[in-house]
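Encoded as structure tokens, the structure appears first; notes follow it.
Every heavy atom of this structure was used, including side-chain atoms; hydrogens, water molecules and symmetry mates were not. Naming convention: chains lettered A, B, ... in sequence-line order (proteins, then strands); numbering from 1 in each chain.
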Number of protein chains: 2
Amino acid sequence: MQDFPLTITHVLRHGMRIYRDSEVVTYEGGEYRRANFSEVGIRASRLASSLKGLGIQADDRVATFCFNHQEHLEAYLAVPCMGSILHTLNLRLFPAQLGYIISDAEDKVILFDAMLAPLLARVREQMRSVRFLVPIGEGDTSSLQGIAEIIPYDELLPSGTGDFEWPELDERSAAGMCYTSGTTGDPKGVVYSHRSTFLHSMGVCMAPEISLHEKDKSLVIVPMFHANAWGIPYAAFMSGSDLLMPKQYLQAEHLVRMIVGERPTTSAGVPTIWNDVLKYLQEHPGIDISSLKVATAGGSSVPRHLMEAFDEELGIKLIQGWGMTETSPLAALAVPPRSSSPSEAMDYRSLAGRVIAGVEVRVVGDDGTILPDDGASVGEFEIRGPWIAGSYYHDQSGERFHDGWLRTGDVGTLDSRGFMHITDRSKDLIKSGGEWISSVDLENAIMSYPDIFEAAVIGVPDQRWDERPLACYVPAEGKDVKPEEVLEYLSDTVARWWLPERWAVMDEVPKTSVGKFNKLALRSKYINGELQVVEIPR
Amino acid sequence: MQDFPLTITHVLRHGMRIYRDSEVVTYEGGEYRRANFSEVGIRASRLASSLKGLGIQADDRVATFCFNHQEHLEAYLAVPCMGSILHTLNLRLFPAQLGYIISDAEDKVILFDAMLAPLLARVREQMRSVRFLVPIGEGDTSSLQGIAEIIPYDELLPSGTGDFEWPELDERSAAGMCYTSGTTGDPKGVVYSHRSTFLHSMGVCMAPEISLHEKDKSLVIVPMFHANAWGIPYAAFMSGSDLLMPKQYLQAEHLVRMIVGERPTTSAGVPTIWNDVLKYLQEHPGIDISSLKVATAGGSSVPRHLMEAFDEELGIKLIQGWGMTETSPLAALAVPPRSSSPSEAMDYRSLAGRVIAGVEVRVVGDDGTILPDDGASVGEFEIRGPWIAGSYYHDQSGERFHDGWLRTGDVGTLDSRGFMHITDRSKDLIKSGGEWISSVDLENAIMSYPDIFEAAVIGVPDQRWDERPLACYVPAEGKDVKPEEVLEYLSDTVARWWLPERWAVMDEVPKTSVGKFNKLALRSKYINGELQVVEIPR
């Protein structure tokens with residue numbers, strides 16, 4: 001067979017030629033801006049050519065600091081295909097982390113949304129490697145003066161040619177990188193290769209329920225700075241699916257307007273966004289969102305009641321997926337076995353996911369022994385495959401790897417059909433009197449109470465039991481929910497000894513930069529006495 | 001990223017575990033025999049282990065000479081995953097070709113349907129490399145005595161273990177081989193690697209309209225000895241689709257019975273089979289074949305009237321695909337751009353196909369220049385990609401390759417959206433008075449006449465024009481169609497100078513071993529005066 005390399009360059013060529021009429025549509029807060037894949041490909045060529053003109057070379061890191069829009073997609077295509085490395089910077093990082101990441105990756109160029117200049121300016125001291133700052137769109141970039149040469153995107157692009165000669169690349173060469181948003185220690189860089197990105201894109205295109213095709217239009221809510229936007233941009237160029245880009249307009253009102261106006265068939269985002277969308281649609285009945293058939297949710301556990309409400313009230317199948325920055329990210333999708341009854345199906349859909357083709361998962365005990373996939377043995381999930389990280393950038397310690405497998409840090413059981421039931425992050429398990437309590441299961445149980453909007457559970461020190469759960473929750477808008485009534489509700493659904501004694505009613509659960517419950521922040525609030533905790537002795 | 005090899009072993013593990021309940025169903029002429037993927041995987045393990053016990057080593061060729069059934073699937077899995085090479089022998093070859101192929105590949109083992117023993121016995125002289133003959137099922141194998149040790153499949157299997165330790169394989173190691181059914185010269189061997197098979201399987205799983213998933217059941221009419229049965233067996237193990245295997249029961253009556261009884265959702269076969277199925281259903285109205293939504297046809301051009309009849313009378317979307325043994329085979333699928341009107345869509349569906357992701361196609365002129373993809377420039381199709389042959393077995397001449405691209409031998413135009421319009425095999429073009437006539441276009445035009453069942457056109461010598469078309473056709477059953485009426489019909493649809501002067505009405509167009517029109521045989525019939533030719537001067 002031919003030694004044909006698996007590169008993003010092939011994906012670019014395929015999309016801009018075979019699906020030349022497919023579109024990327026960028027929402028501008030009311031208006032839409034459109035370009036077809038052929039035009040995007042030509043602009044990517046101009047971008048690569050211009051960057052090369054600036055002296056950017058193979059393996060140089062070119063960063064983006066952008067919302068989801070057409071120009072971000074152009075960078076997704078241009079930078080890897082010219083042989084450089086696309087480094088997507090997370091907009092929601094704390095300055096210390098952002099600065100660390102730019103300096104660790106030694107970014108040479110940063111393409112950024114001009115309106116975000118103030119966020120970048122806060123880390124000017126850590127930008128010593130940066131030679132060029134390329135603002136996109138409107139915004140005051142004066143705060144960035146003196147850091148590096150500033151060349152607006154619209155001025156940079158015309159200097160490049162529309163038929164750049166893309167270099168022939170080794171499929172194992174680096175294509176992109178993304179740092180994990182680790183809640184402990186410094187963020188770690190994950191480097192994607194052309195091969196891994198190509199294969200992951202095929203994995204996304206063929207995944208059950210997702211199956212992107214030319215007839216689709218995908219509303220990409222998950223940020224492009226977050227693990228390749230779950231692979232959708234590249235999968236779209238492979239499959240011809242239109243892309244609908246929401247920019248910074250991630251509020252439910254805007255998202256619903258996009259769904260009504262552009263009629264996407266599929267979408268992807270974190271559960272909290274879908275919760276907001278559901279709430280908005282409940283408050284504004286009669287809106288036609290019938291184009292949207294399937295939406296993927298991931299990043300944190302998807303509450304069962306949310307999936308049920310999407311099924312029953314919206315007619316949208318909300319599919320839970322599981323992955324990490326280290327897994328490109330798609331590794332599992334909670335699509336039930338076809339033989340399932342409706343209630344079994346919902347049980348399966350409530351799990352983290354079912355391993356997809358190309359990826360292998362196992363469960364490993366504390367002592368390193370491989371546990372059976374019997375749906376009962378609890379251990380840490382380990383994962384391997386052609387789009388799974390084998391190391392971290394600038395880190396040869398190998399401590400997160402075990403015999404060629406990535407240690408995910410997620411804990412739970414695996415059943416014989418490849419369904420992963422994640423009971424906790426290893427560091428989030430609560431050990432009460434020598435027995436494990438799953439904070440995730442407890443959260444889901446609390447969130448299934450009708451008048452609760454969201455809930456998070458952490459372990460807190462306890463004299464008698466060593467550790468006990470603290471339940472924090474946010475009542476639905478306008479509702480007054482007493483811990484006592486939740487406790488009574490819970491007593492029918494969870495084991496007696498799981499029932500929390502400590503409760504905190506909040507306005508909002510703190511979130512990480514990628515929208516997950518920030519349990520680290522919750523814990524420090526608790527320790528610092530910033531939570532109003534009610535104790536209900538058993 | 002991890003250096004995880006792309007192997008069939010992963011596909012085997014994935015299918016037998018994640019889709020353990022998916023089934024392979026073998027039709028036994030009335031009854032069905034069932035095994036789930038887990039059982040098939042365990043039996044594949046036993047087969048590999050037993051073959052190893054016989055001394056079969058890595059890179060040894062293990063041949064199959066079988067119809068489509070469960071045991072053939074077990075060999076598809078066991079042989080490559082143990083590191084040996086699966087060589088699928090074509091049941092319909094002439095003895096000289098079959099003998100040549102067995103001896104050229106130096107097959108060590110042949111697994112064969114016992115009922116086919118007499119066909120094998122005819123080439124006993126060419127089986128010097130063969131050590132073991134493994135008959136499957138019922139049949140008299142006495143004619144094979146003395147060639148090699150005969151061990152029935154059912155006796156061989158129990159000697160192996162159900163948890164064979166599959167070796168770790170290099171993704172570029174050979175997995176399978178298949179000889180082209182070339183109509184000129186000796187057949188040429190194409191060697192598939194684990195990598196090419198893995199990637200091709202993903203390509204099949206994600207292909208538009210095909211998109212195999214667990215909810216599917218695939219009726220595999222295309223023979224497993226013919227270019228990997230278009231990749232469906234491996235794609236099924238990747239996606240969880242059930243497999244329905246028709247064995248030797250390829251007559252329309254049996255196929256329809258299988259569709260009614262087992263309710264497959266998808267199928268694949270050559271156009272002549274679909275023609276037979278259509279005819280049978282027209283003659284037996286009221287049969288419920290509603291489960292079948294999509295069927296793929298390939299191997300030869302799919303007549304437009306056949307696709308229209310499938311649309312209108314059966315409610316089945318018949319999709320034309322294009323590929324060759326050398327292309328694994330899936331390379332193009334005639335799925336129209338989404339913006340097409342119904343009549344445009346049928347125009348697109350009548351083309352050979354639209355290039356799928358992973359594959360690149362170009363058109364090259366006689367002098368080797370690359371022609372534009374403008375839908376007008378005619379040249380030979382050249383193709384490249386990770387599942388396209390880069391050489392032939394035992395042949396280093398390289399004459400079918402051009403600068404890393406495979407020369408397909410098919411001639412036509414390529415449009416800007418990647419649609420291939422094949423006007424002819426390069427050797428089947430008719431050159432009349434210095435101008436090219438497409439025999440394929442002419443055949444399609446003739447076959448669009450309502451009362452014609454099939455038609456083939458060849459070029460024959462002509463004193464004045466050097467070469468002219470001879471039109472051969474088979475009237476629909478019970479119909480009497482005169483060449484004069486076809487000629488009159490044609491005069492409205494093809495250029496005046498294309499209209500044939502020579503006509504032959506036949507009972508059947510001779511076919512090659514894989515069901516294509518055998519134009520070589522037609523030409524020699526003509527030369528030997530075996531055709532009744534009517535001349536209608538213009």
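- Both the backbone and the side chain of B/His10 come within contact range of chain A, each with at least one heavy atom under 4.5 Å from a heavy atom of that chain.
- What you find for B/Phe4 and A/Arg195 is that their closest heavy atoms are O-NH2, 3.0 Å.
- Side-chain contact between A/Met1 and B/Val190 is present, with heavy atoms from C-beta onward closer than 4.5 Å.
- Within the 4.5 Å cutoff, the side chain of B/Met238 has no heavy atoms near those of the A/Ile356 side chain.
- For a residue to count as touching a neighbouring chain, one of its non-hydrogen atoms must lie under 4.5 Å from one of that chain's; by this rule B/Ala174 does not touch chain A.
- Of all the listed residues (A/Gly404, A/Ala357, A/Gly240), the one sharing the greatest number of non-hydrogen pairs under 4.5 Å with chain B is A/Ala357.
- Both the backbone and the side chain of A/Arg17 have a heavy atom closer than 4.5 Å to some heavy atom of chain B.
- Contact annotation for A/Val191: only backbone heavy atoms (N, CA, C, O) come within less than 4.5 Å of a heavy atom of chain B.
- Rounding to the nearest 0.5 Å places CD1 of B/Ile18 at 9.0 Å from OG of A/Ser416.
- Between chain B and the options A/Asp415, A/Leu6, A/Leu212, heavy-atom pairs under 4.5 Å are most frequent for A/Leu6.
- Considering only heavy atoms from C-beta on, B/Met206 stays 4.5 Å or farther from A/Ser239 through its side chain.
- Only the side chain of B/Phe198 has a heavy atom closer than 4.5 Å to any heavy atom of chain A.
- If you tally non-hydrogen atom pairs under 4.5 Å between each of B/Ser196, B/Ser38, B/Ser201, B/Ser339 and chain A, the highest count goes to B/Ser196.
- The pair B/Arg417-A/Asp21 meets the salt-bridge criterion, with a side-chain N (NZ, NE, NH1 or NH2) lying under 4.0 Å from an Asp/Glu carboxylate O.
- Looking at A/Leu414, only its side chain comes within 4.5 Å of chain B, counting heavy atoms on both sides.
- Inter-residue side-chain proximity for A/Asp3 and B/Arg172 is flagged as met; some heavy-atom pair is nearer than 4.5 Å.
- Side-chain N or O atoms of A/Arg338 include none that pairs as donor or acceptor with a backbone N or O of B/Lys215 at under 3.5 Å.
- Judged by distance alone, the side chain of B/Gln2 and the main-chain N or O of A/Ala389 form a donor-acceptor pair under 3.5 Å.
- Contact annotation for B/Ser328: only side-chain heavy atoms (C-beta onward) come within less than 4.5 Å of a heavy atom of chain A.
- Only the backbone of B/Val359 comes within contact range of chain A, with at least one heavy atom under 4.5 Å from a heavy atom of that chain.
- Contact tally against chain B (heavy-atom pairs below 4.5 Å) for A/Pro337, A/Pro5, A/Gly390, A/Gly385: the top residue is A/Gly385.
- Heavy atoms of B/Asp242 lying under 4.5 Å from chain A belong to its backbone as well as its side chain.
- For A/Leu199, the parts lying near chain B are the backbone and the side chain together; criterion is any non-hydrogen pair under 4.5 Å.
- Both the backbone and the side chain of B/Arg384 come within less than 4.5 Å of a heavy atom in chain A.
- Counting only heavy atoms from C-beta outward, the side chains of A/Pro208 and B/Glu214 never approach each other to under 4.5 Å.
- For A/Ser391, no part lies near chain B; criterion is any non-hydrogen pair under 4.5 Å.
- Contact count against chain B (heavy-atom pairs under 4.5 Å) is highest for A/Gly358 among A/Ala207, A/Gly418, A/Gly358, A/Gly15.
- Heavy atoms closer than 4.5 Å to chain A are found in the side chain of B/Asp373, but not in its backbone.
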